[in-house]
There are 2 protein chains.
Amino acid sequence: MEYKIKSRIWIEVDGEILLGEGRVQLLKAIAETGSLTKAAASLSMSYKKAWSLVDAVNTRAKKPVVNTSIGGTKGGGTELTEYGRTLIQTFDNLNENCWAFLDEQLANSEL
Amino acid sequence: MEYKIKSRIWIEVDGEILLGEGRVQLLKAIAETGSLTKAAASLSMSYKKAWSLVDAVNTRAKKPVVNTSIGGTKGGGTELTEYGRTLIQTFDNLNENCWAFLDEQLANSEL
DNA sequence: AACCGTTATGTAATTGTAAATATAACGAGA
DNA sequence: TCTCGTTATATTTACAATTACATAACGGTT
């Protein structure tokens, strides 16, 4: 019966989405699995969609966010760059700060 | 080329959406037109969708947000309650405070 | 040279959401 | 009592986003 305030944040570049919660989740799955295929599967997401999301992030960010390799013993793989990791870290920080801020704001309102 | 941070906020009750930006916009249109039909049209939204949104807000809020009347010379109409107006007002305040907070947060980050 | 798991990309199929359409009820005024 | 614009609701239609499927390329290893 209580009101709860929720939010979603995202970062844009040139009016297009660079990074949001879904993409961060995907990047985290890539960091864990080392593979875009496995990351997509772990999120029950089609490979095509996962690829499109990562491609969008990679081309719009100021620096590359992932390194990919094709072929070889393991078939290839996808790994986060150092910049990719700081991007995720910063996003998570912004998000948590935002939630705390909004909770406080709502508590101070008269609803 | 610069990163910009965006956000959307909404208020939930029992895990369901009570009020978000779209619903606030609709309530504002109702306040201006005095009619759900006209409000929907002014937002290029189907009447059915508009009605569903208003109904959801009205049934989940702690107090009614609109008063409706059917029939009569003007056919009827929909008007905001006092509580509806304060709800809108508070939502807009929360939203603007959130935007300002996030802009500041992003500026203080290293992205 | 053949194999394997992966990245990369296009096309067809599906499905879930939104819109369009139809219908009923209401009530003040002419 | 008839009209008119509105609220209220169900059903059908259309569309857009997502998934599913198919195919090619890659490069260590065997």
Side-chain angles (χ1 to χ4, degrees), chain A residues 8 10 12 15-61 63-81 83-84, chain B residues 8 10 15-17 19-61 63-81 83-84:
Chain A
R8 289 185 76 92
W10 66 96
E12 289 188 1
E16 296 196 304
I17 295 177
L18 166 70
L19 197 66
E21 284 186 22
R23 298 178 192 203
V24 164
Q25 198 178 10
L26 180 58
L27 291 178
K28 285 177 178 174
I30 289 171
E32 288 172 6
T33 61
S35 152
L36 182 54
T37 299
K38 289 174 186 164
S42 78
L43 299 176
S44 300
M45 178 188 298
S46 69
Y47 174 84
K48 188 182 181 66
K49 180 172 184 180
W51 183 86
S52 302
L53 289 174
V54 170
D55 182 63
V57 177
N58 224 29
T59 55
R60 289 172 193 163
K63 301 179 190 174
V65 171
V66 296
N67 284 324
T68 66
S69 62
I70 306 179
T73 306
K74 297 178 180 177
T78 303
E79 293 194 340
L80 292 193
T81 62
Y83 185 67
Chain B
R8 289 184 76 92
W10 66 96
E16 296 195 305
I17 295 177
L19 197 66
E21 285 187 22
R23 298 178 192 205
V24 164
Q25 197 179 8
L26 179 57
L27 291 180
K28 285 178 179 174
I30 289 172
E32 288 172 6
T33 62
S35 151
L36 183 52
T37 299
K38 289 175 186 164
S42 79
L43 299 175
S44 300
M45 178 188 297
S46 70
Y47 175 84
K48 185 183 179 67
K49 180 171 186 183
W51 182 86
S52 303
L53 290 174
V54 170
D55 182 64
V57 176
N58 224 27
T59 56
R60 289 171 194 162
K63 301 179 192 175
V65 171
V66 296
N67 285 324
T68 65
S69 61
I70 307 179
T73 306
K74 298 179 179 175
T78 303
E79 293 196 340
L80 291 192
T81 62
Y83 185 67

Could you tell me the separation between the CG atom of B:L36 and the CD1 atom of B:I30, rounded to the nearest 0.5 Å? 5.0 Å

Distance test, side-chain N/O of [X] to OP1/OP2 of [N], below 4.0 Å:
X	N	value
B:T78	D:dT7	yes
B:K38	D:dT6	yes
A:T73	C:dC4	no
B:S46	C:dA19	yes

How many whole angstroms separate atom [atom1] of [X] from atom [atom2] of [N]?
X	N	atom1	atom2	answer
A:L36	C:dT6	CG	C1'	9 Å
B:N67	D:dT6	CG	C1'	15 Å
B:L53	C:dA19	CG	C1'	14 Å
B:M45	C:dA20	CE	C1'	15 Å
A:Y47	C:dT9	OH	P	9 Å
A:W51	D:dA22	CH2	P	21 Å
A:L26	C:dT7	CG	P	11 Å

If you assign each of A:G72 and A:D55 to its closest nucleotide in DNA chain C, which residue comes earlier from the 5' end?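 Going by which nucleotide is closer to the 5' end, it is A:G72.
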
Step through the shown structure and confirm whether more than 12 heavy atoms of other residues, nucleotides or ligands are within 6.0 Å of CD on A:E12.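 Correct, the count exceeds 12.
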
Do A:L18 and A:R23 come close enough that some side-chain heavy atom pair is under 4.5 Å?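 Contact flag for A:L18/A:R23 side chains = no.
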
When you get a sec, tell me which of D:dT18, C:dA8, D:dA8 is the closest nucleotide to the side chain of A:K49?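 Selected nucleotide: D:dT18.
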
Can you figure out which of D:dC26, C:dG29, D:dT9 approaches the side chain of A:I70 most closely?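 Ranking D:dC26, C:dG29, D:dT9 by closest atom to the A:I70 side chain puts D:dC26 first.
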
Touch check for B:T37, heavy atoms < 4.0 angstrom, all strands: base, sugar-phosphate only, or nothing? base

Closest non-hydrogen atom pair between B:I17 and B:R60, with its separation: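 Taking B:I17 first and B:R60 second, the nearest heavy atoms are O-NH1, 2.6 Å.
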
Mind listing the closest non-hydrogen atom pair of B:R8 and A:W10 along with its distance? CG-CH2, 3.6 Å

Where each residue is assigned the nucleotide of DNA chain D containing its nearest heavy atom, which of A:S44 and A:G71 is assigned the position nearer the 5′ end? A:S44

D:dA10 base to B:K48 side chain: any donor-acceptor pair below 3.5 Å? yes

